[in-house]
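What you see is a predicted model, and the numbers here were worked out from it, not measured in a lab.
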Amino acid sequence: MEISIIGAGSWASAIANVLSEKYDVLMYARDINQVYSINNENINKKYFPDKKLRKNVMATSSLESVLSNKYIINAIPTQNIRQVYSGLDKNILHKKVLINLSKGIELESNYRISEIFESIFGEISYVVLSGPSHAEEVINEMPTTIVCASNNLSLSKDVQKIFNRDYFRVYTSTDVVGVEIGGSIKNILALGIGMADGLGYGDNSKAAMITRGIHEMERLARSFDADPKTINGLAGIGDLIVTATSNHSRNNRAGKLIGKGMSVKEASKEIKMVVEGIPTTKAVYDLAEKNNIDLPITTELYKVLFMGKSPHQSVSDLMNRDLKNEY
């Protein structure tokens with residue numbers, strides 16, 4: 001069986017490596033140089049120049065070619081999904097399974113990724129994979145656990161079997177909303193925790209932001225009838241821990257640079273990859289405003305990123321909010 005991956009970034013490459021133990025993998029990349037290096041040298045030079053991929057990982061710049069397989073994995077960043085897929089035949093995913101690797105909330109629509117695909121293609125067989133999983137560790141086969149969620153438990157179990165390996169353990173869930181919200185808001189919090197590092201604050205500050213950030217994740221999830229247990233699992237707290245505390249995290253690194261005085265544009269340019277937490281902060285802020293959901297950390301980060309507020313002032317304002325009971 002051949003499995004398609006639309007996208008050829010670091011996470012797409014790591015997943016290709018996982019799948020290629022048992023299946024042929026066809027990756028879609030717009031960059032002809034990437035396609036050449038994967039097909040002729042078995043290397044994705046842009047992201048993992050020192051890591052050989054298996055010979056059954058191939059690449060193409062033809063979107064139509066990758067869409068011919070039954071299992072199609074989306075690894076396109078959230079804000080580019082609509083642009084890539086909107087021009088396709090509305091029935092092209094009929095009898096296929098779309099497995100999403102991306103995280104975030106779309107600007108303008110404030111849609112979760114499953115909602116973006118539904119708005120383009122209508123009802124499809126959809127699964128989301130999420131959890132604490134740095135591509136740099138997965139591609140080197142370090143022990144990792146994730147969750148795959150689908151409204152159809154049988155489909156979730158099918159995908160679990162496809163992905164599960166000795167070093168890559170997959171749990172199932174039927175809470176698509178909770179998994180997508182957890183995977184989105186953790187990037188926002190990772191930015192904030194990175195900023196705290198950049199400002200020179202200590203472990204107490206990070207612990208406070210992680211803990212109160214989990215509270216915001218739960219509040220947002222409850223507002224959309226997601227299961228609060230999901231936030232306490234791999235897609236919530238698990239993903240938050242790894243994204244908020246590791247130098248592998250783009251969001252954490254970008255936050256540090258902003259905390260040290262860089263502009264948002266300068267920090268994004270320095271990271272050289274998509275910092276999903278930046279647009280997601282705006283999207284979640286808009287979503288919270290529209291639905292009257294109190295997300296104080298997200299609100300302050302929005303003001304820093306999009307209104308030019310000083311990070312120091314934002315911390316001060318968070319610390320001086322009205323006193324209240326913890327819960």
One thing to verify: whether Asp317 and Arg321 come together as a salt bridge, which I'm taking to mean a side-chain N less than 4.0 angstrom from a carboxylate O. no
For Thr298 and Glu216, which I'm curious about, is there any donor-acceptor pair between the side chains at under 3.5 Å? yes
Met195 reachable from Met209 in the ILVMFWY side-chain graph, under 4.5 Å edges: yes
Chi angles and distances behind the side chain to side chain contact (heavy atoms under 4.5 Å, CB included) call for Ile6, Ile72: CA-CA 7 Å; Ile6 300 180; Ile72 298 169; 3.7 Å; yes
Stepwise side chain to side chain contact (heavy atoms under 4.5 Å, CB included) test for Lys52 and Ile43: CA-CA 5 Å; Lys52 280 273 189 181; Ile43 295 172; 4.1 Å; yes
Could you check whether the rings of Tyr201 and His312 sit parallel, tilted or perpendicular, using 30° and 60° as the cut-offs? perpendicular
Shortest non-hydrogen contact from Ala288 toward Leu295: CB-CD1, 3.7 Å
Can you find a heavy atom in the side chain of Glu141 that is under 4.5 Å from one in the side chain of Phe168? no
Take atom CZ of Arg30 as the centre, draw a 6.0 Å sphere, and report whether it contains more than 12 heavy atoms from other residues, nucleotides or ligands. no
Would you say that Ile5 contacts Val25 through its side chain, given a criterion of any heavy-atom pair below 4.5 Å between the two side chains? yes
Taking Glu115 first and then Arg112, would you say they form a salt bridge - that is, a charged N and a carboxylate O separated by under 4.0 Å? yes
Looking at Arg222 and Pro228, would you say the former's side chain and the latter's main chain have a donor-acceptor pair under 3.5 Å? no
Do side-chain atoms of Asp227 reach the backbone of Asp175 as a donor and acceptor pair under 3.5 angstrom? no
Closest contact, heavy atoms only, Phe163 versus Val18: O-CG1, 3.8 Å
Axial cation check for Tyr171 ring with Arg169, 6.0 Å and 45° limits: yes
With no hydrogens and no angle check, do the side chains of Glu137 and Thr144 hold a donor and an acceptor under 3.5 Å apart? no
Hey, is NZ on Lys290 packed in by over 12 heavy atoms from elsewhere, all under 6.0 Å? yes
The residue among Thr281, Ile297, Ile188 that forms side-chain contact (heavy atoms from CB on, under 4.5 Å) with Tyr302 is Thr281
Identify whether the distance between the nearest side-chain nitrogen and carboxylate oxygen of Asp197 and Arg253 falls below 4.0 Å. no
Find out if a path of hydrophobic residues (ILVMFWY) with successive side-chain heavy-atom gaps under 4.5 Å connects Ile139 to Met58. no
Ring centres of His215 and Tyr327 under 6.0 Å apart? yes
Starting from the C-alpha separation in whole Å, work towards a yes-or-no answer on side chain to side chain contact (heavy atoms under 4.5 Å, CB included) for Ile120 and Glu118. CA-CA 5 Å; Ile120 298 170; Glu118 186 178 353; over 6 Å; no
Report yes if the side chains of Tyr85 and Leu63 come closer than 4.5 Å at any heavy-atom pair, otherwise no. no
Transitively linked via ILVMFWY side-chain contacts under 4.5 Å: Val57 with Val66? no
Using a strict 4.0 Å threshold on nitrogen-to-oxygen distance, state whether Lys103 and Asp239 make a salt bridge. yes
Report yes or no: do Tyr126 and Val84 belong to one cluster of Ile/Leu/Val/Met/Phe/Trp/Tyr joined by side chain heavy-atom distances under 4.5 Å? yes
Closer than 3.5 angstrom, by distance alone: can the side chain of Asn140 be matched with the main-chain N or O of Glu136 as a donor-acceptor pair? yes
Can you tell me if Asn252 uses its side chain to pair, donor with acceptor, with the backbone of Ala244 under 3.5 Å? yes
Would you find more than 12 non-hydrogen atoms of other residues, nucleotides or ligands less than 6.0 Å from Lys51 atom NZ? yes
Between Val127 and Ile116, is there shared hydrophobic-cluster membership here, with clusters defined by ILVMFWY side-chain heavy atoms closer than 4.5 Å? no
Does Gln79 use its side chain to pair, donor to acceptor, with the backbone of Ile105 at less than 3.5 Å? yes
Gap separating the CG atom of Leu234 from the OG atom of Ser130, nearest 0.5 angstrom: 9.0 Å
Could you check whether atom OH of Tyr71 has more than 12 heavy atoms from other residues, nucleotides or ligands sitting under 6.0 Å from it? yes
Could you pull out the closest heavy-atom pair between Gly192 and Leu301, with the gap in Å? CA-CD2, 3.6 Å
Counting only N and O atoms by type, is there a donor-acceptor contact under 3.5 Å from the side chain of Arg250 to the main-chain atoms of Met273? no
Should Phe306 and Val264 count as side-chain neighbours, where that means a heavy-atom distance under 4.5 Å? no
Closest approach of Ser20 to Asn17 (non-hydrogen atoms, all atoms of both residues): OG-O, 3.0 Å
Counting only heavy atoms not in Asp89, do more than 12 sit closer than 6.0 Å to its CG atom? yes
Distance in Å, Asn91 CG paired with Ile124 CD1, rounded so as to fall on 0.5 Å steps: 12.0 Å
Ser184 side chain to Glu180 main-chain N or O, any donor-acceptor pair under 3.5 Å? yes
Please report the shortest heavy-atom distance between Thr230 and Gly178, naming the atom on each side. CG2-C, 3.5 Å
Does Phe224 CZ have over 12 foreign heavy atoms under 6.0 Å away? yes
Do Ser246 and His134 have a side chain donor and acceptor closer than 3.5 Å? yes
Where do Pro77 and Val274 come nearest, in terms of heavy atoms and distance? CG-CG2, 4.0 Å
Check whether any side-chain heavy atom of Ile3 lies under 4.5 Å from a side-chain heavy atom of Lys70, and answer yes or no. no
Among side-chain atoms of Thr243 and Lys186, is any donor-acceptor pair under 3.5 angstrom? yes
When rounded to the nearest 0.5 Å, the distance separating NZ of Lys161 from NZ of Lys22 is 11.0 Å
Any chance the side chains of Asn187 and Glu276 put a donor and an acceptor closer than 3.5 Å? no
Please check if atom CG in Asp203 has more than 12 non-hydrogen atoms from other residues, nucleotides or ligands closer than 6.0 Å. no
Quick check: do Gln34 and Met27 have side-chain heavy atoms less than 4.5 Å from each other? no
Thr280 OG1 to Ile185 CD1 distance, which is reported to the nearest 0.5 Å: 10.0 Å
Is there a side-chain contact between Lys303 and Pro311 (heavy atoms, below 4.5 Å)? no
Using atom types as modelled and distance alone, determine if a side-chain donor or acceptor of Ser263 lies under 3.5 Å from a backbone N or O of Glu266. yes
Between Ser133 and Gly131 (side chain of the first, backbone of the second, donor and acceptor by atom type, cut-off under 3.5 Å), is there such a pair? yes
Taking atom NZ as the centre, does Lys45 end up with more than 12 heavy-atom neighbours from other residues, nucleotides or ligands that are less than 6.0 angstrom away? no
Drop me the distance from Ser37's OG to Ile32's CD1, to the nearest 0.5 angstrom. 11.0 Å
Drop me the distance from Leu107's CG to Asp286's CG, to the nearest 0.5 angstrom. 7.5 Å
Give a yes or no on whether the backbone of Ser223 and the side-chain of Asn291 come within a donor-acceptor separation of less than 3.5 Å. no
Any non-hydrogen side-chain atom of Arg219 less than 4.5 Å from a side-chain atom of Asp294? yes
